[in-house]
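To start, the structure itself, in structure tokens.
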Protein chains: 2
Amino acid sequence: MTVKSEQTRQLVADVALRMFREIGFAKTTMRAIAAEAGISVGNAYYYFASKDDLVQELYLQVQAEHAARAAEALKDAADLTGRLKATLHTGLDAMAPYHRFGGDFIATAIRPTSPVNPFAAGSSAAREASLTIFRTAVEAAKPLAPKKLRPDLPELLWLCYMAVTLFWVYDTSEGQQRTRRLVDGAVPLITRGLSLARMPGVGRILDDFLSLSRSIRG
Amino acid sequence: MTVKSEQTRQLVADVALRMFREIGFAKTTMRAIAAEAGISVGNAYYYFASKDDLVQELYLQVQAEHAARAAEALKDAADLTGRLKATLHTGLDAMAPYHRFGGDFIATAIRPTSPVNPFAAGSSAAREASLTIFRTAVEAAKPLAPKKLRPDLPELLWLCYMAVTLFWVYDTSEGQQRTRRLVDGAVPLITRGLSLARMPGVGRILDDFLSLSRSIRG
DNA sequence: CCCTAAAATTGAACGTGTTCAAGAAAAGTA
DNA sequence: TACTTTTCTTGAACACGTTCAATTTTAGGG
């Protein structure tokens, strides 16, 4: 019975994510989820092996939302600055409803054993999807980024995105405006910094940086 | 009765930290700590309000160890490259015994509500102590760093140290050699990068970067 | 329709971190 | 010494995430 089963699974996920949003991670107990969904605790565990797995469900949903919003916003942005801003801001938009839950989310995600961990060995599907957003942001940007760092740029920018996310978690300003300002201020710095890559003195250091960066990831 | 009390507190801390090292964070239950220390569970809670507080105890101890080792190593290092390497490597030395526990530690520390959180609002004593190590590493370095970013340098380097720590947590190579190589490779890049600060095209971007960095922290 | 295997569901049970009323021990006071 | 107050200690109890043997429900074939 696949249809009813899928319904139950979806019900659990929906109830859990709604409760995450409305009352936070800690107060959303597995018992409360089950009660709200009208099923038994064990049944929730039949579909999600752990509470962390529900966090992964959330992660996937936020990411899909990010991809959709970014694709839309990137239509109107041609240069790298605009495209990067669009990518980062839509990312923040997608996370926004879960801000109060950010601390618990990041604590779950950062654990090396977590299925949600973005730095996990190998490339998890979730991380790959997130990287793809940055790849399309960079690839279609005109003017093109300096050739020598073009292949590494998406991954480096994705890393910046992780840093922004961390900042966002700690940002208690109204609507997380500080993070918005950080993005607006940092992105032009990044793109202007990239143009320095062609300067003679900078080039050698950049080569060494890229070589180190590759050896670390390889 | 202050002496006996202090003994009990110290006993709990010692037992807990030893168990963290030997069997990891998860297996070190509060009941196991109490049993090993020969006291009741409630009594352990009289001295440490939570298991996270024991993590803070560990954090303080590792930091004191770092400060001591760094002070020693900095005696033999004059230039910034050497001093930075010494500071980072002694930091890794101090953490080394707890590597298996790194994932749990960082998950605890990153939570905004955690007493151990290094990014916590205001300057926690722990963070200030860690920052001081970087301040002395920078201040006494010859030749001096470019004037315009000298005041911000310790904090920026401390941030790099946090990044290195994160890398270290995920580093499963024998003895975390990869992190050691990262330090040895990245530090010369940083110091060489600093000397670029005086180049005309770079200067303006750097100014903007520093201004953004200050507005974010202020 | 009935029977069997698989899928789905239940709820009690386990070990965990944490709390707290109660009591024991120590310190202070006379 | 006898008392009060403060400090320290206990162990049972609570809610939590998680597990699992048992049970019910469904799917598929005769």
Side-chain angles (χ1 to χ4, degrees), chain A residues 1-17 19-20 22-59 101 103-105 107-111 113-116, chain B residues 1-17 19-20 22-59 101 103-105 107-111 113-116:
Chain A
M1 186 222 224
T2 72
V3 49
K4 168 87 180 305
S5 178
E6 188 53 40
Q7 275 178 2
T8 309
R9 196 201 129 93
Q10 200 55 241
L11 176 65
V12 173
D14 289 347
V15 166
L17 266 57
M19 293 183 81
F20 284 164
E22 293 178 356
I23 63 174
F25 187 66
K27 284 187 189 160
T28 304
T29 69
M30 294 300 287
R31 284 169 178 80
I33 295 171
E36 186 78 11
I39 61 171
S40 69
V41 200
N43 200 11
Y45 275 93
Y46 182 76
Y47 293 101
F48 297 93
S50 67
K51 204 180 172 186
D52 284 7
D53 275 36
L54 282 166
V55 176
Q56 182 170 32
E57 189 73 13
L58 163 70
Y59 184 49
F101 164 62
D104 295 291
F105 174 71
T108 301
I110 209 163
R111 187 165 265 123
T113 57
S114 166
V116 203
Chain B
M1 186 223 229
T2 73
V3 47
K4 170 87 181 305
S5 179
E6 188 53 38
Q7 275 178 0
T8 309
R9 196 199 129 93
Q10 200 56 241
L11 176 65
V12 173
D14 289 347
V15 166
L17 267 56
M19 292 183 83
F20 284 163
E22 292 177 357
I23 64 175
F25 187 66
K27 285 187 190 162
T28 304
T29 69
M30 294 302 287
R31 285 169 178 79
I33 294 171
E36 187 78 11
I39 62 172
S40 70
V41 200
N43 201 9
Y45 274 94
Y46 182 77
Y47 294 101
F48 297 94
S50 68
K51 203 180 173 186
D52 284 7
D53 275 36
L54 283 166
V55 176
Q56 182 171 31
E57 189 72 13
L58 163 69
Y59 183 49
F101 164 64
D104 295 291
F105 173 71
T108 300
I110 209 163
R111 187 166 265 125
T113 57
S114 166
V116 202

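Chain letters run A, B, ... following the sequence lines, proteins first, then strands; residues in each count from 1. Below, all heavy atoms of this structure are taken into account, side chains as well, without hydrogens, waters or symmetry copies.
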Nearest-angstrom distance from the residue atom CG of Asp52(B) to C1' of dT19(C): 16 Å

Candidate nucleotides dT18(D), dC8(D), dT18(C), ranked by approach to the side chain of Lys51(A) - the nearest: dT18(D)

Exercise: do Ser5(B) and Tyr47(B) side chains pair donor with acceptor under 3.5 Å: yes

Spacing between Met30(A) atom CE and dT10(C) atom C1', to the nearest angstrom: 15 Å

Sugar-phosphate only, base, or nothing, as touched by Phe48(A) at under 4.0 Å among non-hydrogen atoms: nothing

side-chain contact (heavy atoms from CB on, under 4.5 Å) evaluation trace for Phe101(B) with Leu58(B): CA-CA 11 Å; Phe101(B) 164 64; Leu58(B) 163 69; 2.7 Å; yes

Heavy-atom donor-acceptor pair, Thr108(B) side chain to Asp52(B) backbone, under 3.5 Å: no

Distance below 4.0 Å between Asn43(B) side-chain N/O and dT10(D) OP1 or OP2: yes

Gap between atoms CG and C1', on Asp53(B) and dG17(C) respectively (whole Å): 13 Å

Closest-nucleotide ordering on DNA chain D, the 5'-leading residue of Lys27(A) and Ala49(A): Lys27(A)

Rounded distance (Å) that lies between atom C1' of dT18(D) and atom OH of Tyr47(A): 18 Å

Rounded distance in Å - CZ (Phe25(B)) to C1' (dG17(C)): 10 Å

Contact under 4.0 Å: Thr8(A) side-chain N or O vs dT9(C) OP1/OP2: yes

Arg9(A) and Glu6(A), any side-chain heavy atoms less than 4.5 Å apart: yes

Spacing of Leu54(B) atom CG relative to dT18(C) atom C1', expressed in whole Å: 13 Å

Polar side-chain atom of Lys27(B) near backbone of Met19(B) as donor-acceptor pair, under 3.5 Å: no

Closest to side chain of Ser40(B), choosing from dG17(C), dT10(D), dT7(D): dT10(D)

Selection from dT18(D), dT18(C), dA8(C) that lies nearest to any side-chain heavy atom of Ser50(A): dT18(D)

Between P of dT26(D) and OH of Tyr46(A), the distance in whole Å: 14 Å

Check: dG17(C) base within 3.5 Å donor-acceptor of Arg31(B) side chain: yes

Length of the line joining Ile39(A):CD1 and dT25(D):P, which is rounded to integer Å: 16 Å

